[in-house]
Each structure stands twice: as structure tokens, then as C-alpha cells.
Amino acid sequence: MYRHLENRLAQQIRGFLREKYGVELERIVIEQPPKVEFGEYASPLAFDLAKKLRKAPRKIAEEIVAGIGAIEGFQKLEVAGAGYINARVDRGALASAVARDEQPTVEKPSGKILVEHSSINPNKAAHIGHLRNAILGDTFVRLLRFVGREVDVQNYIDNTGVQVADVVVGFLRLEKKSRAEIEQLAEQSRFDYYCWDLYARTSQWYEESAENKKVRLQVLHEIEQGGNETAVLAELISTAVLRRHLETMDRLDIEYDFLPRESEILHLHFWDAAFTKLKETGVLTFESEGKNKGCWVMRRAGTQKTSTTEDTESTEENTEEDTEAVSEEDQKVIVRSNATVGYVGKDIAYHMWKFGLLGKDFEYRKFYHYPVTQKDCWVSATNGQKEHPHFGDVAENYNVIDVRQSEAQETVKEALRDLGHGEAADRLTHISYGMVVLTPRCAAELGYKLSEEDKTRPFIGVSGRKGFGVKADDLLDALIVSAKQEVDSRHPEREDSERREIAEKIAVGALRYFMLKYTKPSVIAFDFKDALSFEGETGPYAQYAVVRATNIFRKGGFDVEAFSKDVAANLSPEDLSRFLSVKQADDGPAPTTDDRRPTTGADPNELWELWLAASKTAYVVDQCIATTEPAYLAKHVFQLAQMFNTFYHRHPILTELDEQRKKFLLTTAAVVRQELIRALAVLGIEVPVVM
RNA sequence: GGGCGCGUAGCUCAGGUGGAUAGAGCAUCUGCCUUCUAAGCAGAGGGUCGCAGGUUCGAGUCCUGCCGCGCCUACCA
């Protein structure tokens, strides 16, 4: 609603400027005033116009305000300071729209969106770094679905890489396990933990001798080739670990639709198809000498083309070596001299498939059934089921991958562009985010021995290879234990199973919020103290605000859901306006409020701020999508909860004597509660019945 | 060397396309549970926004140069 009004205001101003001054501004800058006393919107555009029109800003602002006329939904415009134009909305009308839950229809682009996230190597337990990825990705999916987009969630599984080979080596060489024994272990509830340790041990074992490292290459080769016992073991292990990852993420309400695996990219010859096209179009060039002799290489993303095919006429600058050559520095090897393709190459093929440009498709079979939502997650296969959903062929693609992959992502885009699919490249977005690292203190708490060098560092990187890191399930378990203690002491009368369920929701709320409150570029220095906190800017804080709102209704003998279903029925826009508008008492000082007993003379602005914040959710969601930054919504949820808590303290509702006012306060609580529940759901956070 | 990112309160972080008095949380200190649950509220202290220039009515925000930190820069995935 808030967004809607802003657009209307901007349009109106634009039209007026065109008519009155003949000026066309590409952007009408509208911002949110620092205080609600200044109105709901403010524009400094008179300052910009001052130069163009050679008039004082204040004068321009006055002319605009005087000449623009009435705007639907707005009370008036006014000039402030040296030339600000402040706009005041019709509070009753906006509040009424919020209460009616009016969502102005906005046209949305058509086409399916593919969000790829998680992509955890299936050779060990998921850790906190993977949590950030999955939570960021899942929240982005929820944001898109909130605005009505159709989304497919994919989780790319690299099941043929060295990481998997390492665990296979561990089982065969270090543990000397038989296939039957491995099968039995794979049945264990936390097989991924077993692999975590084994992977670290194997990595260490490689350091012992060059001989050991050779084993790794041999095993890797066998896996890639397929059709042998080693490949079967790799499949067995990676599938079991993958299943564990899905279980772990399901604990956080994170689901996937499709799991494309590298083994199928290989066996269904995706690369061959891509390679042909890449050669035809000259995207890849063969190096016949130099450092990369015998390789097929590509120009590194971001580097300049040295030769130009058409548009420019820089022939005079062409020197002999310049013809099609890319300097070695700027080369990215795609196909190695031994004719094997690197990971970027496979990624290019995969992305061609995503946009329906490869001319090939996976085969599919059901892999995992989500017990709660009853949905199925599909996996790629070489001979799949006949009936399956249609994946791929999407209009847009967002990849959630940490910042270290930025260059590789750019290379993929560059390849698409050079293949002549510029529009696909433009619709491929890398959602890049910073690493989750351990503070030295945290690493010490976990019992890791730090090298002298590490001790001087500000933080320690998580490393699966070294076994450094906090496992996702461990963190979640710790959060549940901590929440459970609190729930036990607060609600001893409830069943243990119910208390457990409540604790789980709190734990998930805490964890998801923790990962979302940092903006993407920020490196998260993980610390148990912060992550395990349920106070202040946390998920449980917002959940608690909702529970409190619910309690008002319960104690008052109202049915919240029934009341919330038709909140608007309680009050007319005029009633709302009466409670939310400041009496036009000529610019005197704002009435001072007594914090203790403000029941009668409350500041309408303070209540209005709460309603206004509640109206901004859709606006914030749009912003999150446009900037691929879910943290804004997390921030918004916290601010709304914070304002609600203040409101809650300042206005005892059930003891309110004025019936009309009581109804208004209840309506306020219902509206904010509803809005918080909705916004929390977009963050993937549910609210428990009690806390 | 090149590319990307970061540097704001003791700590962890917000500060959309330059705008009104730079904000939260944690930690510290002081109050508030016979009240709709204190996972809360009210208040206090705490800032040369890394440094130096520049652009202009106006810079935490934009430009340049430094300083410090991280990541990427493999015929590993």
C-alpha cells in the first residue's frame, strides 16, 4: 500500500513538472522523512530543479505545492525547510486499506524463475557456511513467491568430484571397509557426521606421502568413468549424505524441487553438446603453444576483447599477435590438455540447459518425499521415470553462491553472452554473499588447535578439509536445547512433545534470523554467544511480539482469527482517522506524553507510526527482490516488532474503559500481528502458539 | 601486480539512487513484574563515520590518492 501511494505521488509530480515547467525528470526522488511529523513522504527535488529553473528551491517547492492540486489518498503537501516538499497521506484511508488488507494489483513479469542454492558437496555434514547459503536462498525463494512468481528450487549436486573421492578413499584405505559395512554405516542417522571426520582424516593422510595422493587420483578417475565398484560406492555414499542434507535443511523448512547431479551432466553428455556450440561460435579457442598448450581456453570474464569482429575500426592498432589471441593472463582453461573438462565448462553446459539452450534434457526420478508438505523432490537420472515435472527452460535464474565464486559466475555469463544469448546472460544473477568464519575464541572453544599464524588472524575460515567448523545440526540442536529449557520453565503445564515443538520453532526462528540480519557482503564472524541469543534483534524477539498480541485476544475472550479475518469491520475510516490523526492544533509543541498513564492523551503520531510501518511490508519485499537483499525484510520485521512492543507497554488494552478506543487498540494489535506473521513467514519463520 | 569487497559506539552490525539532530542490538549502569507473559519496557553513558584531498547549497554516502584487513587471480571441484 505504501509503495502504491509513493508511485501515485511520483506520477502526479512528474505530470505537474512537465506541464508547468516543461521539465522531464527521469527519477522523482521520494524518500522517507526522518520523523513522521514531517509527513509520510518527502522530496528534495526542488533543490535539483533550482539550477535548471534558476529559482530558489523554496520558491519552486511553494509553486509545486500550490499548483499540484488534490491527489487521491493524500491530505496535503507542504513546504518545509529550505525547499523540501513533504506529503501527508490521508491516514484514515491508508489505515483502512491496511485493515482491509488491500493489495493493489501490480503487473508481474511472466515466466518461471530458477533459484539455485545450497549445492553442498555430498561428502560430509553441512556446516554453518552452508546454512547461510540455504537460508539466504530459501528466503529469496519465499520473497519471489510472495509477489506471485513461479519458482523452481534447485540444488546442484557435485557427486563426482574429488571431495567424494576423498571419502571413498577413506572408507577403502583408512578404514578398509567392505561394501556391506559401508551400506550399514550409511543407514546411520548421522552418517554425514561420520564422513565429516573421515574426510578430515583422509585429507591428513594425503599429506603423509605422495603415494597416498596417487590413490586419490586413481579413485577419482574410476568414479568419473563409472560402471565399476568404486563408482557404486561413491554413489552410495554421496546419496546417503545428500539425503542427510535434505533432512537437515527440512528442519529449517527448506525444500528443493530438483537436484541436478554432475554425474548426469557427464553421462548424458551435456558437455559434448555445449562443447560443439562453444567451438562453432569461437567462444573457445585452442592453444597450440605457451603455458596452456593443448587446452581449450576462454577469455577471462571482465577482460577486454583484444580483437574486434565488427563494430569498431581499430584495424590500425592491430598488431600481428593481436588477431584472435587472448593474452595468457586473461585465459581461463575450460578443457585441459588431457581432454577432460573443468568445472566451469560443466557449469556452462548446465546453464545452457537452464535457459533451454542446450537441446538436451535430464531424465528424472523421485528422490525425497517431504513428510510435512507432502511434496516431492526430484533428482536427475540416466534412466528416469516417464512422468515428471518440467524443469529448466526458465526465464530468470538466481544463483546463491558465496563471493569466492564471483569470477566463475562471470565466466559463465560471458560464455552465454558470447554464444549469442545475451538476454539469458542478463537474466542470470549471482546472489553473492560473504563467508561465515569462526572467531579465534569460537575456534578455541571448539577445541581446535590454532597455528601461531591463525592466532594473529581476525578470524578462522571454516574448512571441511581440516574438519574446522560448526555443523548445522549441532548448532540447531544447541539452539533447541537452550530454547527448550526456557519453554519448560515457562510452560510446565504443557505436554513435553508440545514444548519440544515450540522450542524447535524458536530455534529455527533464531537461526534463520541470525543468518538474515547481516547484509550479504558482510563476513559473519560466528560466535555462539550471538547465535544462541534470544534477546534483542533476534527471531524470537519478533515471534514473542506476535505471541503477546495473541495473548491479548485470548485473555480478553476474543477469537483472534475471527477478529483478524475482518478487522476493517470494526472501525470506519473516519474512526481510524480520529485515533490516528493529530488535531490541527497550530504548530505548537508536540504534546508531551507521560509514559506511565498515557491512556487518554496518547500521541496519535506514535500509533500512526506503527500503522505506517505495517503498511510497508510489500514495499520492503519489492526492495529485497530488486536488490537481492533479504536483510531489509529482517530489519523491517524487527522494527515492526519493536514498535509493537512499545505500543504493548504503553497501552493496556483489556483495561481500557472507552469502548471505542479499546476496539481501536485491538484492531491495531490485530493488524500488526497479522503483518508480522506474514513477514516472518517470508523469512521462513513460524510463530509458536505460546512462548 | 590486477580484480572484487570491507573499514561507522567497547563488541557485532544498519545506514535504497548525496539531504533534515549518524541509528540498532549486545555489553556496562539506573529504574519497572498484585498489570494483556520481564524472551519485555523506560532511561544513561559511549562517535575526529580508517587517513588526506576533491566535487557542491549539502558528503558516512560520489571522485582521487594513501593506510589496514579479507577474498579471487590453478590444466581442484
Side-chain angles (χ1 to χ4, degrees), chain A residues 27 29 31-35 38 42-44 47 50-51 57 80-84 86 121 158 160-165 220 262 291-297 300-303 329 332-338 340 342-344 346-347 402-408 410 432 434-435 437 439 457-459 461 483 486-487 490-491 506 510 517-519 521-525 527 529-530 533-538 540-541 543-545 547-556 595-596 623 626-627 629 631-632 634-635 638-639 642 645-646 648-656 665 669 690-691:
Chain A
R27 294 194 84 160
V29 179
E31 39 195 48
Q32 305 180 22
K35 281 187 174 178
F38 296 146
S43 180
F47 295 106
K51 249 167 281 167
Y84 274 98
N86 291 341
N121 285 325
D158 178 10
T160 57
V162 278
Q163 291 89 348
V164 172
L220 178 61
E262 187 152 292
K291 184 177 76 144
N292 295 325
K293 184 178 176 183
C295 298
W296 287 87
V297 301
R300 189 181 295 287
T303 58
E329 286 287 291
K332 175 79 194 161
V333 172
I334 304 298
V335 180
R336 303 177 195 116
S337 54
N338 66 2
T340 58
Y343 131 89
V344 178
K346 290 176 222 170
D347 220 21
D402 76 57
V403 64
R404 290 175 301 183
Q405 291 282 350
S406 297
E407 195 179 283
E410 274 310 309
S432 157
M435 309 297 300
V437 298
T439 59
R457 290 172 183 270
F459 41 71
E486 196 68 31
V487 177
R490 286 167 187 245
H491 303 284
I506 293 168
K517 73 175 182 180
Y518 301 91
T519 51
S522 171
V523 172
I524 298 183
D527 195 298
K529 186 173 77 60
D530 294 335
S533 170
F534 297 150
E535 288 165 19
E537 196 192 342
T538 65
Y541 176 94
Q543 291 171 313
Y544 188 56
V547 167
R548 288 174 130 185
T550 311
N551 285 345
I552 298 170
F553 289 88
R554 216 195 38 236
K555 277 283 170 74
D595 287 344
R596 306 258 163 123
Q623 202 178 322
T627 56
E629 180 53 275
Y632 296 141
K635 217 73 186 174
F638 174 64
Q639 280 166 359
Q642 203 173 33
N645 274 333
T646 308
Y648 177 92
H649 264 270
R650 230 168 256 181
H651 306 289
I653 297 178
L654 297 178
T655 53
E656 174 62 50
L665 293 174
V690 295
M691 279 178 79

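Sequence lines set the chain letters: A, B, ... in the order given, protein chains first and strands last, and positions in each chain run from 1.
Looking at the side chain of A:R300, the nearest of the listed nucleotides B:U73, B:C72, B:A20 is B:U73. Considering only the side chain of A:S522, B:C13 comes nearest among B:C36, B:C13, B:A39. Closest approach to the A:R490 side chain among B:A20, B:G25, B:A39 is made by B:A39 (side chain taken as heavy atoms from C-beta onward). Distances from the side chain of A:R548 to the nucleotides B:G40, B:C71, B:U37 place B:G40 closest. Nearest nucleotide to the A:P458 side chain, out of B:A42, B:C71, B:C69: B:C69. Listed nucleotides: B:U12, B:A38, B:A24. Nearest to the side chain of A:Y518: B:U12. Listed nucleotides B:C41, B:A38, B:A14 differ in distance to A:H649; the shortest reach to its side chain belongs to B:C41. Side chain of A:Q623, nearest nucleotide from B:U37, B:C41, B:G16: B:G16. Proximity note for A:R457 (side chain, C-beta onward) versus B:A24, B:C36, B:G70: the nearest is B:G70. Closest contact between the side chain of A:Y648 and the listed nucleotides B:A38, B:A39, B:C13 involves B:A38.
At a threshold of 4.0 angstrom between heavy atoms, the contacts of A:E262 are confined to the sugar-phosphate backbone, with no base atom among them. Nucleic acid contact class of A:Q405 (heavy atoms, under 4.0 Å, all strands): base.
Both A:P33 and A:V690 lie near RNA chain B, and the one whose nearest nucleotide falls closer to the 5' end is A:P33. When the nearest nucleotides of RNA chain B are assigned to A:K635 and A:K529 by heavy-atom distance, the more 5′-ward of the two goes with A:K635.
Here the separation of B:G31 from B:A22, taken at their C1' atoms, is 28 Å to the nearest Å.
For B:G16, the base is syn relative to its sugar; the glycosidic angle is within 90° of 0. B:C33: glycosidic angle within 90° of 0, hence syn.
Residue A:K555 places no side-chain atom within donor-acceptor reach of the base of B:U37, judged by atom type and a 3.5 Å distance cut-off alone. For A:S533 against B:C26, a side-chain-to-base donor-acceptor contact under 3.5 Å is absent. The base of B:A39 has none of its N or O atoms less than 3.5 Å from a complementary donor or acceptor on the side chain of A:N645.
By the criterion of a centre-to-centre distance under 5.5 Å and near-parallel planes under 30°, the ring of A:F38 forms a stack with the base of B:A20.
Considering only side-chain N and O atoms, A:Y343 lies nowhere under 4.0 angstrom from the phosphate OP1 or OP2 of B:A74. Put simply, A:N338 has no side-chain N or O that comes within less than 4.0 Å of OP1 or OP2 on B:C75.
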